[in-house]
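Here the structure is laid out as structure tokens; the discussion comes afterwards.
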Amino acid sequence: MKMWSGRFRQPLDPEFERWQRSFDFDRRLLTYELAASGAHARALREAGILSSDELITILQGLEKIGELAASSPAFLDDPDAEDVHHFVEKQLVALVGDVGYRLHSGRSRNEQIATDLRLYVRAAIDQLRADLAEFGYALVDCARQSGDAAMPAYTHTQQAEPVLVAHWLLAYLEMFLRDAERLGDCRRRLNLSPLGSGAVAGATLPLDRRAIASGLGFDGVTANSIDATSDRDFVLEFVHALSLLAMHLSRWAEEMILFSSQEFGFVGLPEAYSTGSSAMPQKKNPDLLELTRGKAARVIGCATSLLVTLKGLPLAYNKDLQETQEPLFDAADAMLTLVPLATKWTKAATFHYDRMREAAQSGFMNAWAAATYLVQRGVPFRLAHEQIGKAVQICLEKQCELHQLSLAELQALNPAFGSDFFDCLTLESVLSIHDVAGGTAPARVQQALAAAQQRIKSICEEVHAHA
Ligand code: ARG
């Protein structure tokens with residue numbers, strides 16, 4: 001039986017009927033639909049609409065639906081179900097008889113879908129935060145293993161200053177920690193129960209909304225039934241947080257691709273996550289990384305499509321809202337499958353520290369440190385900059401590095417140069433002068449590693465507390 005056919009004199013056009021259904025994609029909300037239905041049934045019992053026996057019958061029916069769906073995917077192949085809400089009602093009646101029709105007392109699909117989606121997003125956030133913590137630990141391990149290895153850091157894609165490899169890896173960790181924390185913020189805001197909001201004006205029965213909410217692990221109830229039934233901010237916020245995550249992963253992937261090219265040779269591509277070419281026998285291609293960049297486009301598209309769907313909607317529920325489900329699922333699937341793969345890639349990748357060190361030691365990346373040497377001897381920075389620039393000019397002509405100039409050549413530029421100048425040019429010395437919080441000096445990077453590890457641990461603790 002349909003959920004709404006009474007006032008209709010004509011049947012629906014079958015093509016339209018099929019087209020407007022959502023069961024093909026909202027079937028994945030079944031677990032949440034069953035949980036929310038159980039909580040509603042308990043509230044109906046408290047409100048005197050169901051007897052205790054009826055409640056037990058309905059709860060057993062709901063449990064059975066869950067079991068059948070888990071044991072056989074074919075159970076969900078229901079050609080008549082309009083959406084997941086209709087499916088559950090139909091199956092419940094098939095299993096327990098007409099008492100199943102009592103479950104829909106005092107509720108609307110508008111509040112049900114709002115609830116199911118909140119539960120879905122909440123679970124996806126918990127899974128993603130756990131996955132991001134794993135990824136974070138993999139980056140920390142990589143950073144620790146790199147020890148005191150150094151590499152060039154780039155600005156404008158031109159060699160700028162040497163940094164510790166660990167410092168570079170921790171830059172990515174910062175992005176992913178922000179993503180995990182941002183998802184945590186999103187979770188806090190969404191964790192309110194819309195149940196009891198009815199179709200738009202609130203439930204027509206005296207349901208204990210707080211009891212329903214706490215039964216489903218919500219922190220409280222939504223404040224306004226009109227808003228609660230039409231709000232998808234939590235979907236937007238989640239998918240926008242995912243688009244930032246996807247963008248970070250894409251930047252990470254882009255740099256790994258670049259650094260794995262023969263010209264850089266900093267990163268060795270793990271074979272298990274690469275593919276060959278059907279034409280060129282020598283090729284090993286970074287497919288995982290390239291698809292990571294590609295997935296970002298998709299997730300950003302989902303975020304855009306959600307904003308556009310919502311922006312013109314008058315209050316309250318409109319069927320357009322059904323169109324928010326697929327971009328949500330698509331973006332969540334993309335990130336839920338990608339983050340664990342990025343973790344595995346990171347664990348399997350190799351770093352060619354010798355190549356990195358070689359690159360970090362040439363190309364005048366100690367020039368700023370050299371100017372700082374003069375500043376410490378009282379030379380105004382702008383003049384020091386000019387004089388080191390001149391020294392670089394001489395080196396370019398002679399095809400050598402700064403440490404290969406003679407003291408006499410240097411003193412011709414500025415008498416403040418002493419023989420200790422050469423000590424400040426070594427890679428180790430250049431790294432260690434960046435001795436500020438957040439800088440690349442080895443002791444600072446050790447502190448940053450410990451702090452990052454602590455932040456990952458807090459995320460894991462929060463995820464466990466929610467489990
Ligand atoms: N499948 C619908 C959706 O996703 C469920 C809510 C239907 N409500 C309604 N008034 N037709 O939005």
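Whatever order the structure lists ligands and atoms in, that order sets their numbers, starting from 1. One is the number of the first residue; the rest follow in order along the sequence.
- Counting heavy atoms only, Q322 comes closest to atom 2 (C) of ligand 1 of the residues Q325, R21, Q322.
- When only non-hydrogen protein atoms are considered, atom 10 (N) of ligand 1 lies nearest to N110 OD1, 3.0 Å.
- Salt bridge annotation for D80-R21: absent, with no cationic side-chain nitrogen under 4.0 angstrom from a carboxylate oxygen.
- Ion pairing between a basic and an acidic side chain is recognised when a charged N comes within 4.0 Å of a carboxylate O; R109 and E82 show such pairing.
- Counting protein heavy atoms only, atom 3 (C) of ligand 1 is closest to Y317 OH, 3.3 Å.
- For atom 11 (N) of ligand 1, the closest non-hydrogen atom of the protein is R109 NH2, 3.6 Å.
- Ring-centre distance between F25 and F329: not below the 6.0 Å cut-off.
- The atoms of ligand 1 that sit less than 4.0 Å from any heavy atom of I113 are 4 (O), 6 (C).
- For E82, no heavy-atom contact with ligand 1 is shorter than 4.0 Å.
- Distances below 4.0 Å separate heavy atoms of H85 from the following atoms of ligand 1: 5 (C).
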Checklist entry - Yes or no on salt bridge (Lys or Arg N to Asp or Glu O under 4.0 Å) for R455 and E174, after CA distance, side-chain angles and deciding distance? => result CA-CA 10 Å; R455 276 166 76 194; E174 280 302 310; 3.1 Å; yes
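- Judged by distance alone, the side chain of H40 and the main-chain N or O of H104 form no donor-acceptor pair under 3.5 Å.
- Checked by atom type, the side-chain pair T222/R209 shows a donor-acceptor distance below 3.5 Å.
- Below 3.5 Å of separation, one finds no N or O of K319 facing any N or O of ligand 1.
- Ligand 1 has no nitrogen or oxygen under 3.5 angstrom from a nitrogen or oxygen of R232.
- Electrostatic pairing of D354 and R357 does not count as a salt bridge here, judged by no charged N lying under 4.0 Å from a carboxylate O.
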